[in-house]
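To start, the structure itself, in structure tokens.
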Amino acid sequence: MVVSILDYGSGNVRSLVNAIQHLGYEVDWIRNPDEIEKAECLIFPGVGNFGFVCESLAKEGYLEPLRKYALSGKLFMAVCVGIQALFEGSVEAPEYKGLGIFPGMVQKFNSKDKTVPHIGWNSCAVRSNTQKEYYGLKPHDKFYFVHSYMIPATNLQLPSDFHVATTRYGDEMFVGAIMKKNFLATQFHPEKSGAAGLRCIQAFLSGNYEKPISGMDTQLLENAAGGLTKRVIACLDVRSNDAGDLVVTKGDQYDVREKANAGGEVRNLGKPVELCQRYFEEGADEVVFLNITSFRNCPLVDAPMLQVLAKAAQTVFVPLTVGGGIREIIDPDGTVHSAVEVAGTYFRSGADKVSIGSDAVYAAEQYYANDQKLTRTTAIETISAAYGCQAVVISIDPKRQYVKSPDETKHHAIKTPHLGPNGEEYAWYQCTVKGGREYRDMDVVELARACEAMGAGEVLLNCMDQDGSNAGYDIELVRLVKGSVNIPVIASSGAGVSEHFEQVFKETDCDAALAAGIFHRKTCSIEHVKEHLQNSNVLVRF
Ligand code: 1PR
């Protein structure tokens with residue numbers, strides 16, 4: 001069977017193609033409305049903004065053929081914004097009409113009591129006692145979600161031959177998937193949901209709709225184990241070594257060279273694609289690639305990280321983030337590529353999110369200089385507008401600065417039990433650019449808030465003081481930033497033992513913890529960290 005994917009300009013569909021091919025199916029593209037009715041199996045991917053998706057469908061003449069196909073009884077699957085587009089409309093873009101196959105409007109998550117977007121691994125299964133699983137969705141599995149808008153599960157009016165799998169986030173219950181024979185629409189990304197997601201796609205493609213299972217514990221979905229997990233993320237700092245090979249390296253406080261007496265060379269801790277594969281197999285919830293030298297003077301199409309991503313995405317089915325050099329770039333021949341074009345090139349190679357470091361600081365400076373008005377021209381704003389805020393992470397590289405009293409600085413200072421070199425009781429966190437080499441007159445709270453306002457969907461919070469120290473996360477820093485924004489915060493830098501992950505999850509509200517050296521050096525595996533977290537009552541995915 002050939003699996004047809006609708007190509008109407010949606011974001012990262014590379015991963016979907018990779019997952020389908022990995023399962024042994026052939027893929028082709030539908031690029032014309034007339035081709036829809038000829039498809040024997042059609043997948044409708046959706047990434048980004050509801051308005052963008054529905055406008056593109058309408059403009060290209062897809063609305064009617066797609067509606068007809070979805071109801072035809074032939075194999076049909078919709079993903080993420082794809083499931084939302086099956087409804088009448090969305091509060092995200094009320095001026096656009098959806099396909100109207102199901103009645104009702106897509107709503108926004110309530111952000112008063114929780115972080116929005118809903119990013120991470122959550123449960124999704126049919127809450128009934130039919131003792132059946134549908135398309136391989138089991139109550140104890142976790143699936144990868146990334147969205148700010150959802151279809152509330154209450155007052156849902158669907159034809160009676162559809163089953164609904166639900167998911168809980170905070171006190172809101174929403175639609176995780178809708179299915180009937182030959183029809184599957186998911187809010188989660190099956191192609192990014194590891195083994196559980198591949199099982200779901202396989203069950204769909206092979207027509208394995210329902211399967212009796214014994215001892216199905218739907219009760220699991222009602223208790224704490226049914227919710228969003230804390231994520232454990234592996235980070236690969238990538239650069240060329242002195243011999244010109246692309247290697248994963250790791251610094252201490254951002255210095256990636258061995259000490260002079262050890263040769264002074266760039267530390268080589270392995271090959272990017274191999275390490276990524278290893279971390280996927282060990283159970284990493286996400287993998288981040290940071291291009292720490294931005295490979296200057298290289299045309300965009302030849303950027304070495306593009307090949308790394310393309311290769312990794314063929315066999316790694318969890319979200320991949322790429323950072324380093326996400327900004328407007330000029331090729332050696334003078335060709336200018338806008339930031340959104342640069343990001344698009346990475347998305348098409350297999351990245352799910354881009355992370356912006358230095359450029360986020362410059363944009364935040366511009367934001368405050370402009371009386372907190374949005375220009376809609378920065379990398380954060382343009383990428384977020386085109387691909388959705390969930391695709392934009394900002395990577396912060398702060399350095400702790402001590403002061404005797406908060407009055408000594410205009411920046412957000414905290415009282416700290418870890419006194420400064422001269423007994424200072426207060427500290428603030430200064431933002432840096434260019435991999436920590438240049439300090440700017442901005443603190444982490446100002447930066448995180450400005451980036452959230454400009455449309456960033458997540459914060460990757462490094463810490464120059466803790467990086468490579470194995471001494472644990474900077475708990476005060478994580479608390480400070482998490483308390484300043486409403487988007488997810490990934491704690492980074494300093495993990496040395498499993499207990500450090502437990503500490504950062506229990507003592508702060510961070511959403512994910514990232515580490516590098518501990519995994520590269522095999523001090524302990526991701527599996528071991530997760531076992532420790534589970535035994536400490538922190539909800540994680542296995
Ligand atoms: O400014 O948009 O081009 O992005 C550059 C990116 O590269 C930023 O995300 C910046 O953090 C990163 N970067 C630049 N130079 C370095 C360096 O180390 N010399 N890496 C660097 C930052 C921090 C994390 C590390 C954690 C966890 N390294 O990547 O993985 O601290 O480490 P640990 O668990 O071993 O303590 P732009």
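Counting starts at 1 for both ligands and their atoms, following the listed order.
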Using a 4.0 Å heavy-atom cut-off, say whether [X] meets ligand 1 through its side chain, its backbone, both or neither.
{"X": "Ser358", "answer": "both"}
{"X": "Ala516", "answer": "both"}
{"X": "Lys250", "answer": "side chain"}
{"X": "Ser493", "answer": "both"}

Ring centroid separation for [X] and [Y], is it under 6.0 angstrom?
{"X": "Phe317", "Y": "His22", "result": "yes"}
{"X": "Phe50", "Y": "Tyr149", "result": "no"}
{"X": "Phe109", "Y": "Tyr169", "result": "yes"}

Below 3.5 Å, N or O to N or O, backbone or side chain included: is there any such pair between Gly357 and ligand 1? yes
For the residue pair Tyr144 and Asn122, confirm or rule out a side-chain donor-acceptor distance under 3.5 Å. no
Does the residue [X] have a heavy-atom contact with ligand 1, meaning some pair of atoms that are separated by less than 4.0 Å?
{"X": "Gly323", "value": "no"}
{"X": "Asp359", "value": "no"}
{"X": "Ile518", "value": "no"}

